[in-house]
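Below is one structure, written out as C-alpha cells; the observations come after it.
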Protein chains: 2
Amino acid sequence: MSAQPKKQKKRIEEIRRIELIEAAYRIFIKDGLKGLTTTRICQEAGMSQGILTYYFKDKDEVLFEMVRHANRILMDDVVVRLRGAASRWDRIIAVIDGNFPESRFERNTANAWISFYAEAAHNERYARLQRLFYRRLHSNLASALLPAVERAAIDSFVLGFAAMLDGIWLRRGHSDADISLSQGKQLLTRYTENSLGTAIVDRLKSMPVAG
Amino acid sequence: MSAQPKKQKKRIEEIRRIELIEAAYRIFIKDGLKGLTTTRICQEAGMSQGILTYYFKDKDEVLFEMVRHANRILMDDVVVRLRGAASRWDRIIAVIDGNFPESRFERNTANAWISFYAEAAHNERYARLQRLFYRRLHSNLASALLPAVERAAIDSFVLGFAAMLDGIWLRRGHSDADISLSQGKQLLTRYTENSLGTAIVDRLKSMPVAG
DNA sequence: AGATTTTTTGTACGCTCTAACAAATTTTTA
DNA sequence: TAAAAATTTGTTAGAGCGTACAAAAAATCT
C-alpha cells in the first residue's frame, strides 16, 4: 500500500465526517438537539442512514463534534475581535460583541443552545464542554482586567457577566421581539460599567493590551 | 341521579389528578422533563400505567399541570414575602429572596427548569406559561417601582433583572459549587442597586407600600 | 336483598420512532 | 480483474405513547 491511497482514504473519511457534522449543525440550529436523529442527519447530508455509524462510533460522537463545531463558529468571532482591540476596555467590548454576532442572535440559535444546556445536565461530555466554555470566557475577561482588578473581584464579576450573557440568550429564545441585539449588548455593557465602576473603566480605556 | 354520588366522583377525580401531578413533579425535580414517561409517573404515584389517560387527556396535560404546580410552589414563596414587605425596596428584596428559596436552590431543580425552557421552544402551551411567568415578575417589580421610576426604564430594568435571575439559575444547574445562594442574591441585589442608582434606591427604602 | 348498570381500576397490545448492526451492493484501487 | 474500500439497504431490539379491553368495585334500581 503506497502513501497515495492511504492519504486519499484519510481525506474522504475526513470529508464525510465534516459533512455529517455540518449537516447535524444545520439541524441543531433549526430544531435543537431534539431534532437530531441519525436518519435526519444522514438525510440532511444527502447520504443513507447507515453511513453514520460507519464514520462515527455512535450518534453521541457526532453530536459532541457538532457542538464543538458550533462553538468554534461563535468563538472565532470573539478571537478576531480580540485581535483588533487596542485598549483593555476594547477587549471587553470585543467579548461582548463577539458573544452577540449580528447574523446569529436569533430565536432558533438561542433555543438550540438552551437544549444543549438542558442535555448537559445528564451528559458528562457536554458538561465538560460547558465548563471549558466558561473557562474561556473567564480567561478572556481576566486577561483584560487582571492588572487593574484583583482576582476575587474578577471571579465575582465574571460570574455575573456569564449569568447576564446566558440570561439574555435565554430570553432571545422566547421570541425575537422580546430583546434586541442592541438591548442585549447594552445590558451587558451597563452591567460591566456598573460592576467595575467609572474609575476602573477609565483606567481600562487608557491601558494598551500589549503585556 | 342525586347530587351525592356526583360530588363523590368529582372529589376522587381531583385527588387522583393531584396525586399524579405531584408524582410527576417529584420526577421532574429529580430528572427533568426527560425522565417523565407515562409509565414512570404512574409508578411513582403507586398506580398502574393506564390510569394516566383516564384522568388526563394525554401526557402533555399532566406535564402542563405539573409545571403550573411547580411554579406555584415557587410563587407562593414570593407572595408571602411580598405581604411582609414594609417599604418598596423591601418588595424588591422579597422578589429576589423569593426567587432563591433556601430549600430549592440546587442543581436538580435548576436543571429541571432548564429542561422546561428547552421544551418551551417547541411547545406553545409551555411558551405561554413562560410568558405568564415573565409578566408576573414584571408586575411584581413594577408595583414596587412605578411611582419612582418611569415605565420605559422599568421595562429595561426588568429585562436585565430577569436575564440575571435566569442566568444565575442556569449556572446553578452546572454545579452546586459554581455559585452559592448568597452569591446569587448578591449579584441580583447589586444589579438592582447599580441599575436604579443610589438616589432612587434611597427613595424606595423610605416609601411605604400602601397605595 | 339481589340484579343491573355505571364507574373505576388494571392490563395488554399495537403503533411509531430510533439507534445500532449486519449483510449486500456498488465503487474505487491496485 | 481481483481485492479493498465505501456506501446502501434491510433487520433487530428497545422505548414510549396511546388505546382497547378486561376485571373489579361501587352505585342504582326493582
Side-chain angles (χ1 to χ4, degrees), chain A residues 1-24 27-28 30-67 115 119 122-123 125-126, chain B residues 1-24 27-28 30-66 115 118-119 122-123 125-126:
Chain A
M1 220 185 257
S2 70
Q4 193 58 12
K6 212 172 180 180
K7 239 179 170 174
Q8 185 75 358
K9 177 194 165 185
K10 254 274 177 285
R11 223 194 80 239
I12 286 186
E13 186 177 323
E14 215 33 50
I15 288 171
R16 292 284 169 275
R17 282 176 63 97
I18 289 170
E19 282 174 347
L20 284 166
I21 289 168
E22 285 176 343
I27 297 168
F28 177 63
K30 251 184 284 175
D31 295 328
L33 288 178
K34 203 181 183 181
L36 282 163
T37 66
T38 50
T39 313
R40 228 184 127 192
I41 295 170
C42 295
Q43 195 183 329
E44 173 75 30
M47 308 179 203
S48 65
Q49 343 158 338
I51 202 76
L52 195 141
T53 42
Y54 179 73
Y55 284 116
F56 291 91
K57 193 176 129 276
D58 53 19
K59 201 188 78 166
D60 247 35
E61 200 190 324
V62 190
L63 265 52
F64 183 76
E65 294 297 332
M66 182 275 291
V67 171
S115 76
E119 191 64 22
H122 307 284
N123 188 323
R125 296 182 82 188
Y126 288 7
Chain B
M1 217 183 258
S2 70
Q4 192 58 14
K6 213 171 179 181
K7 235 177 168 174
Q8 186 73 0
K9 178 194 165 184
K10 253 277 174 285
R11 221 196 79 241
I12 285 184
E13 188 177 322
E14 215 32 49
I15 289 171
R16 292 283 169 277
R17 282 175 64 97
I18 289 171
E19 281 174 347
L20 283 166
I21 288 168
E22 285 176 342
I27 296 168
F28 177 64
K30 250 185 284 175
D31 294 328
L33 288 177
K34 204 181 181 181
L36 282 162
T37 66
T38 49
T39 312
R40 227 183 127 192
I41 295 169
C42 296
Q43 195 183 330
E44 173 74 31
M47 309 178 201
S48 69
Q49 232 199 44
I51 202 75
L52 195 142
T53 43
Y54 181 76
Y55 284 116
F56 292 90
K57 192 176 129 277
D58 53 18
K59 199 187 78 167
D60 247 35
E61 201 191 323
V62 190
L63 264 52
F64 182 75
E65 294 297 331
M66 181 276 289
S115 76
E119 190 65 20
H122 307 284
N123 188 324
R125 298 183 82 187
Y126 287 7

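Quick caveat, the model's predicted, so the values are computed rather than measured.
Put simply, the residue from Ile21(A), Leu20(A), Ile18(A) that forms a side chain to side chain contact (heavy atoms under 4.5 Å, CB included) with Glu65(A) is Ile21(A).
Between the CD1 atom of Ile12(A) and the P atom of dT28(C) there is a distance of 8 Å, given to the nearest Å. Taking atom NZ of residue Lys57(B) and atom P of nucleotide dT19(D), one finds them 9 Å apart after rounding to whole Å. Distance CG (Leu20(B)) to C1' (dT9(C)): 12 Å, rounded to an integer number of Å. The CG-P distance, from Leu33(B) to dC17(D), rounds to 12 Å in whole Å. Rounded to an integer number of Å, the gap from CG of Leu52(A) to P of dA22(C) is 16 Å. Spacing between atom CD1 of Ile27(A) and atom C1' of dT18(C) amounts to 14 Å, rounded to whole angstrom units. Rounded to an integer number of Å, the gap from Gln43(A) CD to dC17(C) C1' is 14 Å. Protein atom CD1 of Ile51(A) is 18 Å distant from nucleotide atom P of dA24(C), rounded to whole Å.
Across dG10(C), dT9(C), dA20(C), the shortest atom-to-atom separation from the side chain of Arg16(B) is found for dT9(C).
For Tyr55(B), no side-chain nitrogen or oxygen approaches OP1 or OP2 of dT8(C) to under 4.0 Å. Residue Arg40(A) has no polar side-chain atom (N or O) positioned under 4.0 Å from OP1 or OP2 of dC17(C). At least one side-chain nitrogen or oxygen of Tyr54(A) sits closer than 4.0 Å to the OP1 or OP2 atom of dA6(D).
Within 4.0 Å of Phe56(B), counting heavy atoms only, lies no atom of the nucleic acid at all.
To the nearest 0.5 Å, atoms CG (Leu36(A)) and OG (Ser115(A)) are separated by 8.0 Å. If you take SG on Cys42(A) and CG on Leu52(A), they are separated by 4.5 Å, rounding to the nearest 0.5 Å. Interatomic distance, Met66(B) CE to Leu33(B) CG, rounded to the nearest 0.5 Å: 5.5 Å.
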## Note on the structure
Nucleotide by nucleotide, nucleotides 10-16 of chain D touches protein heavy atoms under 4.0 Å in the pattern (B base, S sugar-phosphate only, - none) B-----S
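Counting only residues at least two apart or on different chains, the side-chain hydrogen bond (donor to acceptor under 3.5 Å, both in side chains) pairs with a member in residues 31-47 of chain B are Glu119(A)-Lys34(B), Arg26(B)-Glu44(B), Asp31(B)-Arg40(B), Thr39(B)-Gln49(B).
In this structure, Arg17(A) fails the cation-pi test against Tyr55(A), since its NZ or CZ atom is not both closer than 6.0 Å to the six-membered ring centre and inside 45 degrees of the ring normal.
Residues Gly35(B) and Ile27(B) share a closest heavy-atom pair of O-CG2, 3.6 Å.
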